Amino acid sequence: MTSKTSTPLLDTIQYPQDLRALKADKLRQVSDELRNCVIQSVSETGGHLSSGLGTVELTVALHYVFDTPNDRLVWDVGHQSYPHKILTGRRNQMPSLRQKGGLSGFPNRGESAYDTFGVGHSSTSISAALGMAVAAKQTGDERHVAAIIGDGALTAGMAFEALNHAGDLDANLLVILNDNDMSISPNVGAMSNYFARVLSSKVYAGMKEGSKKVLSAMPSVWELARRTEEHVKGMVVPGTLFEELGFNYIGPIDGHDIDTLVATLTNLRNLKGPQFLHIVTKKGKGYLPAEENPCTYHGVGQFDIKSGKLASKPTSSPSYTQIFSDWICDMAEQDPKLAAVTPAMREGSGLVDFAKRFPERYFDVGIAEQHAVTFAAGLACEGVHPVVAIYSTFLQRGYDQLIHDVALQNLPVLFAIDRAGIVGPDGATHAGTFDLSYLRCIPNMVIMAAADENECRQMLYTGYQHNGPCAVRYPRGTGLGIKVKQQMAAIPMGKAQAVRKGESIAILSFGSLLSSATAAADVLNASLTNMRFIKPLDEKMILKLADSHQLLVTIEDNTVMGGAGSAVNECLLAHHRNIPVLNLGLPDKFQAHGSRDEVLSEAKLSSSDIIAQIEHFFKHQHYEKHLSLAK
């Protein structure tokens, strides 16, 4: 951590205009204090740390040079936006970060005028910023627009589609590549910083445009000059690709040199057309534990600043992600044709051990979900058996490929869908609340939802044995503490499991809310069925329950619209069963951030809420029935 000074400047900064009132020689002190503030805040609340520490100087420089919020800053993903939040009027709210009713962990348009675009998923910044730049041009607004994107996010095809379009439109757009994956030695850094200042200056830009006009009448001379410029720039910068896309490339420069950042951004602010600034930063900059292990400190819980020790929560059971990790390694031991595919989620999806043990069968395709799905389809065409490990919300980005390239061709690709249902503090951008709805309508798909740890393992095995596309969804976090059987056995396809026999009311539970459903069934003396399969649905079981009960209740941690409950309704309608049905699940709105229990309670999916809703509905149905008979 950096040293403190006797006069904290950060205390005098409420909004960016306060920052811009300072002299430039004070910005280094502001950066040091801002970095300490980020570390302190995240240590208390948890959140994303490494990325934000790497962009402290850039954030200060951007808000110092540009007239925000009139000038637009578009952050990609938003992991790195905590320094931005602190400088834009939200410092005192940082203790509420990612808490229910508090600050979002990502830029959010409803939270601040300085959050110009809501994000959470990767690689959207350039497209959004380009739209803003074109809109400003059409309305005659003299504002600047900058997109800040990381080297990881730049691996997505969407980012290159936007770059290609921006160069073609000749829009006034600044793209800043925050590159924390390359190293830059002091001597190269100094030379590159110098060239960046020169190449971004108005004098150089004016000479360049003027010489084009003069030399254009002399084709051979112009071609020689153009090639000479390319070779000179090529000696110190890797910018040929971006130049070919129509951008004026500047960099790479040291992203922690506040003086160079301010000077270069000031120059770029006055240039017209697409500009591309390449900066080099260090993840976790200024906090040694995060510098040494940026992956661990990418997203963290609470931690002790002095020791760097993460606060551990006692748990008696492994996470569902660990269940998947153990299963895929065990399965790979049995089947040499198994391959694992993930879109840049090795740690999050539980593939660290697999990557070490089976490196030749591990494929991290970068932040490219569409490619991940079609790549897996190609593997399946040639006899390899791919398992795509992916978050529920990230699979949304490969939806067309899932339909067109996998399901339409009925290829044996297993989708291990992590973070299904409520995810808690990450909020709406990461809540896996739609997958049952968007998967259920696709022909050839088999869809399973795990109720506990052992069932998750056996479902993964079942899906792997299926000769067609299959999805197994499981939630974030730990399960119920159910003992996991090492031996793997396939679950009969499309068969539900009777858990409890009761009277009058039958509860059909899909997935991870089985424990809450069990508590409700015990209180209400209701029959309880663990449905296990959303597709194919156990229609025989549903019809049997409909014929022997007065009320059916479906429970799922997916949006009610189009979800598992809707599938039950369709089954009953198709078979002409006239029985009241209560569909419980997530309401038709995006889920706010908060703990999993808080979000479930708000959606009235806690065990007590489930009991209350069933009792109210059942009594109301009986009242209506008796009223009808009386008439």
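Everything numeric in this text was worked out from a predicted model, so none of it was measured.
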For [Y], does its backbone N or O pair with a side-chain atom of [X] as donor and acceptor, under 3.5 Å?
X: His84; Y: Val60; result: no
X: Tyr64; Y: Leu19; result: no
X: Gln99; Y: Leu97; result: yes
X: Thr88; Y: Lys85; result: yes
X: Asn108; Y: Ser104; result: no

Taking atom types as modelled, is there a side-chain donor on Arg419 or Thr321 under 3.5 Å from an acceptor on the other? yes
So if I apply the side chain to side chain contact (heavy atoms under 4.5 Å, CB included) rule between Ile610 and each of Leu513, Leu600, Ile555, which one comes out positive? Ile555
Which residue, Phe363, Phe394, Tyr362, forms the side chain to side chain contact (heavy atoms under 4.5 Å, CB included) with Thr342?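 Exactly one option meets the side chain to side chain contact (heavy atoms under 4.5 Å, CB included) with Thr342, and it is Tyr362.
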Can you check whether Thr478 reaches Tyr320 side chain to side chain, under 4.5 Å on heavy atoms?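 SC-SC contact between Thr478 and Tyr320 ruled out.
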Is there side-chain contact between Leu87 and Leu10, with heavy atoms separated by less than 4.5 Å? yes
Can you name the residues that form a side chain to side chain contact (heavy atoms under 4.5 Å, CB included) with Ser392, not counting sequence neighbours?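 For Ser392 the side chain to side chain contact (heavy atoms under 4.5 Å, CB included) partners, ignoring immediate neighbours, are Ile417, Asp435, Tyr438.
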With sequence neighbours excluded, what pairs up with Ala129 under the side chain to side chain contact (heavy atoms under 4.5 Å, CB included) test? Val74, Val145, Ala147, Leu173
Taking the basic N atoms (NZ, or NE/NH1/NH2) and the acidic carboxylate oxygens, is any pair closer than 4.0 Å for Lys483 and Glu453?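 Not counted as a salt bridge, because no side-chain N and carboxylate O are separated by less than 4.0 Å.
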Determine, using ring centers only, whether His121 and His430 are less than 6.0 Å apart.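 Yes: the rings meet the under 6.0 Å criterion.
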Looking only at the aromatic ring of each residue, does the gap between the centers of Phe434 and Tyr399 stay below 6.0 angstrom? no
Of the options Arg28, Arg35, Lys285, which is the one that meets Glu57 in a side chain to side chain donor-acceptor pair (under 3.5 Å)?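 Single side chain to side chain donor-acceptor pair (under 3.5 Å) partner of Glu57 among Arg28, Arg35, Lys285: Arg35.
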Using 0.5 Å steps for rounding, measure from the OG atom of Ser81 to the NE2 atom of His48.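 If I round to the nearest 0.5 Å, the distance is 9.5 Å.
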